[in-house]
Amino acid sequence: MAQPVSSTAQHDAAVSFDGVTKRFGDVTALNDVSLSIRRGEFMTLLGPSGCGKTTLLKLAAGFLGPDGGSISIDGRLVNDMPTYKREIGMMFQNYALFPHMSVAENVAYGLKTRRVPKQECYKRVADALALVKLKGMEDRKPRQLSGGQQQRVALARALVINPTVLLLDEPFSALDKNLRASMQVELREIQRKLGLTTIFVTHDQSEALSMSDRVAVMSDGRIRQLATPIEIYRRPSDRFVASFVGDTNRLRGTLVSVSSTDALIALGTTQLKVPGESLSGAGVAAPVDLFVRPEQLRLVGASEPCALTGNVVAQVYQGGHVDLQVECAASGYDRLLVRSSGDQAMTLWPLGAKVGISIHSDGCSAFPAE
Ligand SMILES: Nc1ncnc2c1ncn2[C@@H]1O[C@H](COP(=O)(O)OP(=O)(O)OP(=O)(O)O)[C@@H](O)[C@H]1O
Ligand SMILES: [Mg+2]
């Protein structure tokens, strides 16, 4: 039976997890997780394999119960509420359409189990299929559809029940790159149009950054950072987030000074200003790890003023940009990744060239060295 929500949960939240823990034997899949998803928000859970993403979705859906903490949906505590009462739309990686049923029958399934009258059922299936651009395919069987079309049927099946929350677990991982990109855009358009609260799981960081209102970065059953994609990319809260989300380079520097807002880091012959919070406990002259995105590095002639010098050891042509790998003493001879738009860098900086590297400090982050 639904009960009033606890006083600690947020009332404007569509879904909230409050101190939720889930164990499987010795494994703590979720460790004291607190997370609120706002109404109409597209929230992504991003993290490496085994970090607890699917477990969190299963708890929201009611397939699993928490060992500690509380979960509420629309202001109601649902810890003990069965799945069928939660009115949740779901789509999983193996979206498992019923092979013997037509497209329309697959989509209608959730309505039939809810005993929705036939006439209304017919209209809602037609609306859901129109929404996912499958009008005219009602009578086909799943095997007569492409992968992307099957994915749309699964989405229509999740949407047709007018869910309070949509849960999506790596729904596009089986699709090729182009199809995946177009499904991402379409899903987001549908989700915005319906104002549907959505929890989306992926371990693909570019998918998370491109689709979400906010991203919860997870590792080892915990949420490491909860923020907008831009904040996650530009102001990672710890070294795990800094290295997991987006390509990055790690350079060893020395702390020159630190305040609550900024820190000054010495690196080679230059000094760089970075956000200070993450270094607040560190002493002057302490070694720090500086995380620099590949697009913040720029190659210049070796004799020009620059932070570092190195040698070009690889060029990777990527179409719109070139990734150059530069071997550099300051990175402990780890290869630095330098991203350059266009393709001029291919001829300007050939293999073996000795180069200078300048750093654009806006968007760098630094943490005490490990
Ligand atoms: N039913 C279960 N029994 C035992 N252990 C489980 C069970 N379900 C999940 N786990 C464990 O809990 C942890 C979290 O699993 P979960 O499926 O939530 O990870 P995930 O983040 O979704 O990973 P992936 O990206 O690989 O899907 C893992 O260590 C997993 O082995
Ligand atoms: Mg999973």
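All ligand and atom numbering here is 1-based and tracks the order in the structure.
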Item to check | Per atom 23 (O) of ligand 1, closest listed option by heavy atom (Gly50, Cys51, Gly221) | outcome: Gly50
Next on the checklist: Nearest non-hydrogen contact with atom 21 (O) of ligand 1 belongs to which option: Arg23, Lys53, Met218, Lys58?
Outcome noted: Lys53
Checklist outcome for this item: Closest non-hydrogen contact found for Arg140 with Leu145 is CD-CD2, 4.0 Å
Checklist entry - What is the minimum heavy-atom distance between Ala158 and Leu166, and which atoms define it? => result CB-CD1, 3.7 Å
Item to check | Tyr122 six-ring face occupied by Lys118 cation (under 6.0 Å, within 45°) | outcome: no
Checklist entry - For Phe98, is the NZ or CZ atom of Arg157 found under 6.0 angstrom from the centre of its six-membered ring and inside 45 degrees of the ring axis? => result yes
Checklist entry - Hey, is CG on Asp289 packed in by over 12 heavy atoms from elsewhere, all under 6.0 Å? => result yes
Checklist entry - For Arg188, does the CZ atom sit with more than 12 other heavy atoms under 6.0 Å from it, leaving out its own atoms? => result yes
Checklist entry - Using the ring of each side chain (for Trp, its six-membered ring), is Phe291 parallel, tilted or perpendicular to Phe367, with breaks at 30° and 60°? => result perpendicular
Next on the checklist: Distance check below 2.8 Å: does Thr55 bring an N, O or S atom to the Mg ion (ligand 2)?
Outcome noted: no
When you measure from [atom] to every protein heavy atom, which one gives the shortest distance, and what is it?
| atom | answer |
| --- | --- |
| atom 12 (O) of ligand 1 | Ala29 CB, 3.4 Å |
| atom 26 (O) of ligand 1 | Ser49 OG, 2.5 Å |
| atom 4 (C) of ligand 1 | Phe24 CB, 3.3 Å |
| atom 17 (O) of ligand 1 | Thr54 CB, 3.7 Å |

Item to check | Test item: protein heavy atom less than 4.0 Å from atom 31 (O) of ligand 1 | outcome: no
Item to check | Atom indices of ligand 1, in the order listed, that fall short of 4.0 Å to a heavy atom of Thr55 | outcome: 14 (C), 15 (O), 16 (P), 18 (O)
Next on the checklist: Using a 4.0 Å cutoff against the non-hydrogen atoms of Glu170, which atoms of ligand 1 qualify?
Outcome noted: 25 (O)
Next on the checklist: Evaluate Val27 for polar contact with ligand 1, using N/O atom pairs at a separation under 3.5 Å.
Outcome noted: no
Item to check | Salt bridge Asp247-Arg339, side-chain N to carboxylate O under 4.0 Å | outcome: yes
